[in-house]
Amino acid sequence: MDHPQCLVAVYLLLLSLVQCQHYYLLRPIPSDTLPLLELKEDPDPIYDPRERDLNETELRSVLGDFDSRFLSITPPQDRYSGNEDLDELELQQNPTGLMPKDIRSLDFDVQWGKKRKASKKLKRRLQMWLWSYSFCPVLYAWNDLGSRFWPRFVRAGSCYSKRSCSVPAGMVCKPAKSTHITLLRWRCVQRRGALKCAWIPVQYPIITECKCSCAN
């Protein structure tokens with residue numbers, strides 16, 4: 001059976017499951033959204049650090065731990081890393097980690113006059129299809145935060161959003177977990193009529209996990 005016919009067969013089987021269990025059980029359990037802060041900058045160059053404020057040795061000393069997986073002082077050769085440049089088919093075929101509990105526990109037995117029990121092989125194939133379809137990878141790309149951050153290049157994560165991740169459609173991939181890395185922020189304030197600026201440590205959120213969630 002070719003690929004389109006397989007999809008049609010799977011789709012018809014999923015429709016038949018609605019007769020014996022509510023279709024929402026085929027949707028991954030929703031997770032809370034995780035909004036990341038948007039950066040807003042004053043465009044006035046008076047607030048930019050000068051060349052003498054960008055001494056790498058001094059800044060490394062102030063920053064402390066430098067995680068090169070997520071931080072870069074110079075522009076990375078390839079902006080996209082990880083699976084950002086994979087196509088949709090590759091993303092679907094390569095789910096990682098443990099299979100979600102709600103997919104592992106699905107009942108694929110179908111009532112057509114006489115109850116028919118799905119074979120282990122068929123059950124496994126259907127579980128893998130649902131898992132790959134609802135899988136939400138984290139896509140990483142290097143972002144330039146500008147001269148007022150050091151290091152200015154950060155490898156940030158986002159969630160795959162080109163299609164719905166549920167059967168039936170309706171849910172989308174959204175951030176579920178994040179971690180924080182320390183950056184230096186060039187901060188300027190007016191004191192006694194003069195502009196005082198200094199590097200201060202700030203926490204920057206990085207998405208580490210995406211999950212299939214309700215759209216709204």
Side-chain angles (χ1 to χ4, degrees), residues 30-88 90-91 94 96-97 135-163 165 171-216:
S31 61
D32 295 332
T33 58
L34 184 71
L36 299 180
L37 299 177
E38 292 185 3
L39 300 176
K40 296 182 179 180
E41 296 285 351
D42 189 321
D44 194 331
I46 193 175
Y47 298 108
D48 293 341
R50 294 159 293 184
E51 185 175 349
R52 67 187 185 188
D53 300 314
L54 297 171
N55 184 290
E56 181 179 338
T57 302
E58 294 180 0
L59 293 178
R60 279 184 176 269
S61 177
V62 175
L63 179 65
D65 183 41
F66 188 103
D67 192 339
S68 59
R69 296 174 302 166
F70 296 101
L71 301 174
S72 180
I73 300 170
T74 58
Q77 292 183 352
D78 185 4
R79 178 173 178 252
Y80 298 106
S81 58
N83 53 7
E84 174 69 23
D85 55 351
L86 296 180
D87 61 29
E88 182 172 327
E90 290 175 305
L91 289 172
N94 293 282
T96 58
F135 178 57
C136 290
V138 179
L139 310 178
Y140 289 102
W142 287 97
N143 291 340
D144 184 356
L145 300 183
S147 63
R148 295 175 193 174
F149 286 85
W150 197 93
R152 66 183 289 170
F153 298 97
V154 175
R155 184 172 175 254
S158 62
C159 298
Y160 186 71
S161 60
K162 291 184 179 180
R163 61 161 175 80
C165 54
M171 299 173 74
V172 294
C173 292
K174 287 189 175 184
K177 292 183 181 180
S178 70
T179 187
H180 290 80
I181 57 174
T182 301
L183 301 174
L184 298 181
R185 174 80 161 90
W186 185 248
R187 181 171 177 265
C188 297
V189 294
Q190 288 285 349
R191 289 182 181 174
R192 298 179 181 179
L195 190 65
K196 303 292 184 179
C197 300
W199 290 104
I200 62 171
V202 295
Q203 296 292 301
Y204 188 85
I206 300 291
I207 295 173
T208 58
E209 182 179 332
C210 298
K211 286 188 177 180
C212 197
S213 308
C214 293
N216 296 325

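Atoms considered below: every heavy atom in the structure, side chains included; atoms not considered: hydrogens, waters and symmetry mates.
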Closest non-hydrogen atom pair, [X] against [Y]:
X      : Y      : result
Gly157 : Ile207 : O-CD1, 3.4 Å
Ile206 : Tyr140 : CG2-CE2, 4.3 Å
Gly146 : Arg152 : O-CB, 3.2 Å
Phe66  : Pro151 : CE1-CG, 3.2 Å

Pairs involving residues 42-64, ordered by first then second residue, that meet ring-ring contact (aromatic ring centres under 6.0 Å, His included) (sequence neighbours left out) |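 Every pair satisfying ring-ring contact (aromatic ring centres under 6.0 Å, His included) with a residue in residues 42-64: there are none.
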Which residue pairs satisfy the ring-ring contact (aromatic ring centres under 6.0 Å, His included) criterion with at least one member in residues 172-191, sequence neighbours excluded?
->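 Listed once each, the pairs are Trp186-Trp199.
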Tell me, with the steps shown, if Leu71 and Val154 meet side-chain contact (heavy atoms from CB on, under 4.5 Å).
-> CA-CA 5 Å; Leu71 301 174; Val154 175; 4.1 Å; yes
Not counting sequence neighbours, list each pair that qualifies as a side chain to side chain donor-acceptor pair (under 3.5 Å) and has a residue in residues 58-67.
->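 Sorted result for residues 58-67: Glu56-Arg60, Asp67-Arg69.
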Checking [X] now: which residues fulfil side chain to side chain donor-acceptor pair (under 3.5 Å) with it, not counting sequence neighbours?
X      : answer
Arg52  : none
Glu51  : none
Arg185 : Glu41
Ser72  : none

Inter-residue atom distance [X].[atom1] - [Y].[atom2], 0.5 Å rounding:
X      : Y      : atom1 : atom2 : result
Thr208 : Phe70  : OG1   : CZ    : 8.0 Å
Asp48  : Cys197 : CG    : SG    : 9.5 Å
Phe149 : Ser147 : CZ    : OG    : 10.0 Å

With sequence neighbours excluded, tell me which residues meet side chain to side chain contact (heavy atoms under 4.5 Å, CB included) with Arg192.
->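 With sequence neighbours excluded, Arg192 shows a side chain to side chain contact (heavy atoms under 4.5 Å, CB included) to no residue whatsoever.
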What residues form a side chain to side chain contact (heavy atoms under 4.5 Å, CB included) with Cys136, not counting sequence neighbours?
->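 With neighbours one apart ignored, the set is Cys165, Cys173, Cys210, Cys212.
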Only pairs at least two apart or in different chains count here, so list each salt bridge (Lys or Arg N to Asp or Glu O under 4.0 Å) that has a residue in residues 193-203.
->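 The answer is none; no pair qualifies.
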Could you check Asp42 against Arg148 for side-chain contact (heavy atoms from CB on, under 4.5 Å), going step by step and ending with a plain yes or no?
-> CA-CA 11 Å; Asp42 189 321; Arg148 295 175 193 174; 4.2 Å; yes
Mark yes when over 12 heavy atoms from residues, nucleotides or ligands other than Leu195 sit less than 6.0 Å from its CG; otherwise mark no.
->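 Atom CG in Leu195 is crowded, with more than 12 foreign heavy atoms closer than 6.0 Å.
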Do the side chains of Thr182 and Leu63 get nearer than 4.5 Å, heavy atoms only?
->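 In contact.
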Donor-acceptor pair, side chain of Lys174 and main chain of Cys214, under 3.5 angstrom =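 Indeed, once roles are kept as given, a pair shorter than 3.5 Å links the two residues.
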Give a yes or no answer on whether the side chain of Asn143 reaches the backbone of Leu145 with a donor-acceptor pair at less than 3.5 Å.
->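 Here the side-chain-to-backbone pair does not exist.
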